[in-house]
Chemist: 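This is the structure I want to talk about, given as structure tokens.
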Protein chains: 4
Amino acid sequence: MKEFDKKEAIFNAMLELIVKHGFHASPMSDVAKHANVAAGTIYHYFKSKDELICALYVRHKEQMNEILFKNDDPSRLFKDRFRIFYLLLFNHYTKNKNEFIFLEQFINSPFVNTFSRADLQKFDQPTYDFIRKAIFTQVLRDISPKILISMIMGSAHALIKLQLSGEYNISLSELETAFLVCWDGIKRP
Amino acid sequence: MKEFDKKEAIFNAMLELIVKHGFHASPMSDVAKHANVAAGTIYHYFKSKDELICALYVRHKEQMNEILFKNDDPSRLFKDRFRIFYLLLFNHYTKNKNEFIFLEQFINSPFVNTFSRADLQKFDQPTYDFIRKAIFTQVLRDISPKILISMIMGSAHALIKLQLSGEYNISLSELETAFLVCWDGIKRP
Amino acid sequence: MKEFDKKEAIFNAMLELIVKHGFHASPMSDVAKHANVAAGTIYHYFKSKDELICALYVRHKEQMNEILFKNDDPSRLFKDRFRIFYLLLFNHYTKNKNEFIFLEQFINSPFVNTFSRADLQKFDQPTYDFIRKAIFTQVLRDISPKILISMIMGSAHALIKLQLSGEYNISLSELETAFLVCWDGIKRP
Amino acid sequence: MKEFDKKEAIFNAMLELIVKHGFHASPMSDVAKHANVAAGTIYHYFKSKDELICALYVRHKEQMNEILFKNDDPSRLFKDRFRIFYLLLFNHYTKNKNEFIFLEQFINSPFVNTFSRADLQKFDQPTYDFIRKAIFTQVLRDISPKILISMIMGSAHALIKLQLSGEYNISLSELETAFLVCWDGIKRP
DNA sequence: GATGAATGAGCTTTCATTCAT
DNA sequence: GATGAATGAAAGCTCATTCAT
């Protein structure tokens, strides 16, 4: 078994357990069991439980940026690009529930404070640039990009959470309407 | 010291500790210390740590509903009523950071699963009714109230989080613009 | 069972185990077992294993100073007082092997560095004063008390170690000769 | 790199780490790192950590006997030979602090029990013979050589420890006086 | 009601040692 | 010979909870 495999196995085991039981109810011994490695092995790849959890966050953010922006085509109309962004976000997380739940748990826990504000901003740089340019070109409302991004992502995440909760099943047409709710709010009037 | 005082002291101590260190780093012994009671005393008021945390959540939700709706005047224009709701939400949480951080941490942790879906909905009933009626009277978009509420609250909370993060200071006029971003998205076009 | 009893039981259990197996082979779980307390109980009385070990050292030094000096009579001839000191030292340690072995292990381990030089000197203050005065009154050689004390205690401890090793059994008359070996070396010629 | 070099490197790394952190805080992985070899390599040269530590002790004792006795000239006056022995001992250890601290730590730890009494005596045979003959020729007091050696070495080591502690700096003339303290005690009166 | 010493299961982490390469 | 990833038993320590006072 190659190193790559074990590290991945540990990541996946930790992700699954955190989602199911939370940080404090996911002992390293269980992570080891689920990853099919010895407890000590985890400590070859990660200095501590905290570091493993933070590495999981970093890995996720990098993967998401890849997913959201790898096919973005700046020559197209912004509204269309933004719609694709919105749908990619929704689709990825509703199909990868664990990643979403982990993410929400992480960013609302004191673990985030492990990172400096600058580090955290770095992960969101692609989204920040995406929105900032659209404000600059007068496509979006003339308001701080930070505020706009917060509102966009906040409402999108809430929508994803609703879907994942099983409390309500969002149809495709409702998703398109939700996109419009967002778009009508942020576009320059 | 009256019973009331001790229970309140325990609530406040737990709230403060959770916000500062997270659930798993807030031992009951520390709660006792901060509340100036003996460790055993907590167990007169709450069956367990989990129960205490859940009771804290219930207390908070009830207080918030009181704050948000006690002065709501159904005879006024919905847009105005909604604006007040939006500002009350923002103002309360930006002035009571601990409550907000606890809330976000709680609802994104496996603790929420302590409650049945029905119980959780009960806490949000006032908001649900508030929005549902406005859809019914054709003031708001014709879309599931659950979706609309998710998006409204998601974006509002994200805004509050931005303000509390210290990363950006939202001015009064920006707050009014943010309200419009929200309103323009949800109002019936 | 009173607090005093448990703390004492922990002290004694730790002492015995360290002597038998060394610091690193005396797990807290064994200490707990030998002291008939729960593992966690040790941590009510001592913040950590290291602190327990250091407290053991402090306790020992205080007891020894009591033993060595409580009956010292400054009105007597110094040689006699010193002889009593010498014999008390030898007798106490040969009858309390564990204390001696712990002490030697402790002061030759990196644990001593827990204490500042000043703290360590404080424990030896009574002996220091005892010897310094005898140098001042021209009974002992005119040499730094630190040097004299080192040589006295070093040779006395080595003698005790010889006796405790079982390699050789020191008779009473040999002990008196050993005292003279010491005395003839340190007295003012 | 020759075998010799690696074994030496391992010895030196272990010595340094033990002195700095003690036996129980000197992991083999650190020894490997400091010696610039792989962890597994240590096990080609030594069966276990304990064996490595014991081998270190043996190596040291052999080196010391070489140093102390290689230039001893039995035709000279015993007092002079003993003085040289005394000064060699002091000089070597005050210039090789690590060796001294390791030695003291080792002989006061349960590790010594790895060796039989006979083995331990073998290492001290040269010193034993040196002193025994001087008693036999009536130069030294008529007392068991074991007692005499214990007292000599005990006081000498205590002196070295004083110097190494940095607590007091022993001058050359004080060292000569210390030698006389020793000599006046042991010489036949 | 209130206390806080005591519990002990269970946590994170370490580290001597092995073995496939 | 040499490597260092992998092991897993065992360490130090924490903390929710209990119960005699």
Side-chain angles (χ1 to χ4, degrees), chain A residues 1-3 5-7 10 23-33 35-52, chain B residues 1-3 6-7 23-33 36-53, chain C residues 1-3 5-7 10 23-33 35-52, chain D residues 1-3 6-7 23-33 36-53:
Chain A
M1 193 179 270
K2 280 173 272 163
E3 171 180 324
D5 291 334
K6 299 219 171 186
K7 200 170 179 180
I10 293 164
F23 298 119
H24 63 299
S26 302
M28 293 298 258
S29 53
D30 282 8
V31 176
K33 242 172 269 165
N36 270 314
V37 300
T41 303
I42 303 178
Y43 290 86
H44 273 291
Y45 297 101
F46 307 98
K47 261 203 333 241
S48 68
K49 187 182 183 179
D50 283 22
E51 205 188 83
L52 165 52
Chain B
M1 192 180 276
K2 282 172 275 172
E3 173 179 321
K6 297 215 173 184
K7 199 169 177 182
F23 298 119
H24 64 298
S26 302
M28 292 296 259
S29 52
D30 281 10
V31 175
K33 237 170 275 164
N36 271 316
V37 300
T41 303
I42 303 178
Y43 290 85
H44 278 291
Y45 297 101
F46 307 97
K47 235 171 48 199
S48 68
K49 186 181 183 181
D50 283 22
E51 204 187 84
L52 164 52
I53 290 170
Chain C
M1 191 179 275
K2 282 174 272 167
E3 171 178 324
D5 291 335
K6 298 221 171 185
K7 200 170 177 180
I10 292 164
F23 298 119
H24 64 297
S26 301
M28 293 299 259
S29 53
D30 282 9
V31 175
K33 242 171 269 166
N36 271 315
V37 300
T41 302
I42 303 178
Y43 291 87
H44 273 291
Y45 297 102
F46 307 97
K47 259 203 331 242
S48 67
K49 187 181 182 180
D50 282 23
E51 206 188 82
L52 164 52
Chain D
M1 194 181 270
K2 281 174 277 172
E3 172 179 322
K6 297 213 171 184
K7 199 170 178 179
F23 298 120
H24 64 299
S26 302
M28 292 297 257
S29 53
D30 281 11
V31 175
K33 236 171 275 165
N36 271 315
V37 300
T41 303
I42 303 178
Y43 289 85
H44 279 291
Y45 298 101
F46 306 97
K47 237 170 47 197
S48 68
K49 186 181 182 181
D50 283 22
E51 204 187 84
L52 163 54
I53 291 170

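From a predicted model like this one, the values you see are computed outputs, not experimental measurements. Proteins get letters first, then strands, A, B, ... in listed order; numbering begins at 1 in each.
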Chemist: Work out which heavy atom in A/I10 is nearest to a heavy atom in A/V31; give both atom names and the distance.
Modeler: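 Scanning both residues, the minimum pair turns out to be O-CG1, 4.1 Å.
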Chemist: OG/D/S26 to CG/D/L52 distance, rounded to the nearest 0.5 angstrom?
Modeler: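 Between D/S26 OG and D/L52 CG, I get 10.5 Å after rounding to 0.5 Å.
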Chemist: OP1 or OP2 of F/dT3 sitting under 4.0 Å from any side-chain N/O of D/K6?
Modeler: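 True: D/K6 side-chain N/O within range (under 4.0 Å) of F/dT3 OP1/OP2.
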Chemist: Taking 4.0 Å as the cut-off, does a side-chain nitrogen or oxygen of C/Y45 come that near to OP1 or OP2 on E/dA5?
Modeler: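 No.
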Chemist: In B/S/- notation, 5' to 3', how is nucleotides 15-21 of chain E contacted by protein heavy atoms closer than 4.0 Å?
Modeler: SSBB---
Chemist: To the nearest Å, how far apart are C/K7 NZ and E/dA6 P?
Modeler: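 Distance, rounded to whole Å: 12 Å.
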Chemist: If the condition is ring-ring contact (aromatic ring centres under 6.0 Å, His included), which residues does B/H44 pass it with, not counting sequence neighbours?
Modeler: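 B/H44: no ring-ring contact (aromatic ring centres under 6.0 Å, His included) contacts found.
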Chemist: Rounded to the Å, how far apart are B/K33 NZ and F/dC15 P?
Modeler: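 That distance rounds to 10 Å.
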Chemist: What integer distance in Å separates C/D5:CG from E/dA5:P?
Modeler: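 To the nearest whole Å, that distance equals 15 Å.
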Chemist: Grab the CD1-C1' distance between B/I42 and E/dA2 for me, whole Å please.
Modeler: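 Rounding to the nearest Å, CD1 of B/I42 and C1' of E/dA2 are 12 Å apart.
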Chemist: Tell me every residue that passes side-chain contact (heavy atoms from CB on, under 4.5 Å) with A/T41, counting only those two or more places apart in sequence or in another chain.
Modeler: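 Listed in chain order: A/K6, A/V37, A/A38, A/Y45.
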Chemist: Under the side-chain contact (heavy atoms from CB on, under 4.5 Å) rule, collect the residues that match up with D/A39, sequence neighbours excluded.
Modeler: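 Scan of D/A39 (side-chain contact (heavy atoms from CB on, under 4.5 Å), adjacent residues dropped) gives D/A32.
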Chemist: If a stem is a run of at least 3 consecutive Watson-Crick or G-U pairs, both distances under 3.5 Å, which stems include DNA chain E?
Modeler: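 Stem segments, range with range: E:2-21 with F:2-21.
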Chemist: The criterion is ring-ring contact (aromatic ring centres under 6.0 Å, His included); which residues satisfy it with A/F46, sequence neighbours excluded?
Modeler: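 Scan of A/F46 (ring-ring contact (aromatic ring centres under 6.0 Å, His included), adjacent residues dropped) gives A/F11.
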Chemist: Residues in side-chain contact (heavy atoms from CB on, under 4.5 Å) with B/S48, at least two apart?
Modeler: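 Applying side-chain contact (heavy atoms from CB on, under 4.5 Å) to B/S48 gives B/D50, B/E51.
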Chemist: Under a 4.5 Å cut-off applied to non-hydrogen side-chain atoms, are C/F23 and C/K49 in contact?
Modeler: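 Not touching, per the 4.5 Å side-chain cut-off.
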